[in-house]
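Take a look at the structure set out below.
Values in this document were obtained by computation on a predicted structure and should not be read as measured data. Below, each value reflects all heavy atoms present in this structure, side chains not excepted, and no hydrogens, waters or symmetry copies. We number each residue from 1, following the sequence as shown.
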Amino acid sequence: MANETLISFKLLLQKMEEDIGLHELSALETKVFLAISDLCNKNEHSNARTKDLLNHDLVSKAGRATVFRALTKLEAANKISKSDTLHGHYTLAS
């Protein structure tokens with residue numbers, strides 16, 4: 001019973017990721033994207049600071065260099081953008 005529920009949930013999650021274009025990303029890139037999204041939703045300025053991102057539960061176990069490589073790939077894929085005015089701040093691409 002629990003396995004069936006987990007399988008259904010995983011399939012639903014996979015479909016949702018496909019719907020918003022996350023299926024093209026690696027697992028870490030997806031986690032970084034979701035962490036940025038979470039931080040932007042919680043921040044009144046709608047951006048995510050690198051410091052907060054590195055400490056976010058979704059990515060805190062990943063190495064710093066690995067997270068920065070994911071940020072570079074997400075920028076190249078136009079999923080996120082770096083702030084023009086604030087150093088070390090990211091937002092979701094519009």
Side-chain angles (χ1 to χ4, degrees):
M1 177 82 164
N3 288 341
E4 292 172 6
T5 303
L6 181 59
I7 292 167
S8 294
F9 178 73
K10 182 64 177 169
L11 291 171
L12 175 63
L13 180 60
Q14 183 175 320
K15 176 70 173 127
M16 291 172 71
E17 287 177 348
E18 288 174 8
D19 289 347
I20 61 173
L22 297 182
H23 65 286
E24 306 161 349
L25 305 176
S26 72
L28 180 65
E29 290 163 4
T30 299
K31 288 178 182 181
V32 170
F33 177 84
L34 293 173
I36 290 172
S37 181
D38 185 37
L39 292 168
C40 287
N41 287 336
K42 291 178 180 176
N43 186 330
E44 65 187 58
H45 301 293
S46 297
N47 60 43
R49 294 184 326 167
T50 305
K51 176 182 176 182
D52 297 331
L53 176 62
L54 292 169
N55 290 316
H56 194 280
D57 287 340
L58 289 173
V59 297
S60 64
K61 290 182 174 67
R64 182 179 176 88
T66 305
V67 171
F68 278 94
R69 280 192 294 276
L71 288 169
T72 300
K73 288 182 180 180
L74 288 168
E75 280 185 272
N78 294 318
K79 298 289 185 189
I80 63 168
S81 59
K82 196 183 297 187
S83 173
D84 292 332
T85 56
L86 298 170
H87 180 71
H89 286 71
Y90 294 89
T91 59
L92 298 178
S94 45

I would like to know whether I36 and L71 meet side-chain contact (heavy atoms from CB on, under 4.5 Å); could you show each step before the answer?
CA-CA 10 Å; I36 290 172; L71 288 169; 3.6 Å; yes

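- Of all heavy-atom pairs spanning T91 and C40, the tightest one is CA-SG, 4.0 Å.
- With values rounded to the nearest 0.5 angstrom, L39 atom CG is found 6.5 Å from L53 atom CG.
- Between H56 and D38, the closest heavy-atom pair is NE2-OD2, 2.7 Å.
- Inter-residue side-chain proximity for T50 and V67 is flagged as unmet; no heavy-atom pair is nearer than 4.5 Å.
- Looking at R69 and T72, their side chains never bring a donor and an acceptor atom within 3.5 Å of each other.
- The two atoms that bring A70 and E29 nearest to each other are CB-CG, 4.0 Å, heavy atoms only.
- When every heavy atom of L92 is checked against every heavy atom of S37, the shortest pair comes out as CD1-OG, 3.8 Å.
- For the atom pair CD (E24) and OG1 (T30), the distance works out to 10.0 Å, reported to the nearest 0.5 Å.
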Residues 6-20, side-chain donor-acceptor partners within the protein, below 3.5 Å, at least two apart:
{"from": "S8", "atom 1": "OG", "to": "E4", "atom 2": "O", "distance (Å)": "3.1"}
{"from": "K15", "atom 1": "NZ", "to": "D19", "atom 2": "OD1", "distance (Å)": "2.9"}

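- Contact record, L74 with F33: CD1-N, 3.8 Å, taken as the closest heavy-atom pair.
- Of the inter-residue distances, the one linking L34 atom CG with L58 atom CG reads 6.5 Å to the nearest 0.5 angstrom.
- Note that CG of L22 and NZ of K79 are 6.0 Å apart. Values are rounded to the nearest 0.5 Å.
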Would V32 and F68 count as a side-chain contact (heavy atoms from CB on, under 4.5 Å) here? Give the steps.
CA-CA 9 Å; V32 170; F68 278 94; over 6 Å; no

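- The CG atom of D52 sits 9.5 Å away from atom CG of N47, with the distance rounded to the nearest 0.5 Å.
- Between A93 and N78, the shortest heavy-atom distance links the atoms CB-O, 3.1 Å.
- Atoms CZ and OG, on R49 and S83 in that order, are 13.0 Å from each other to the nearest 0.5 Å.
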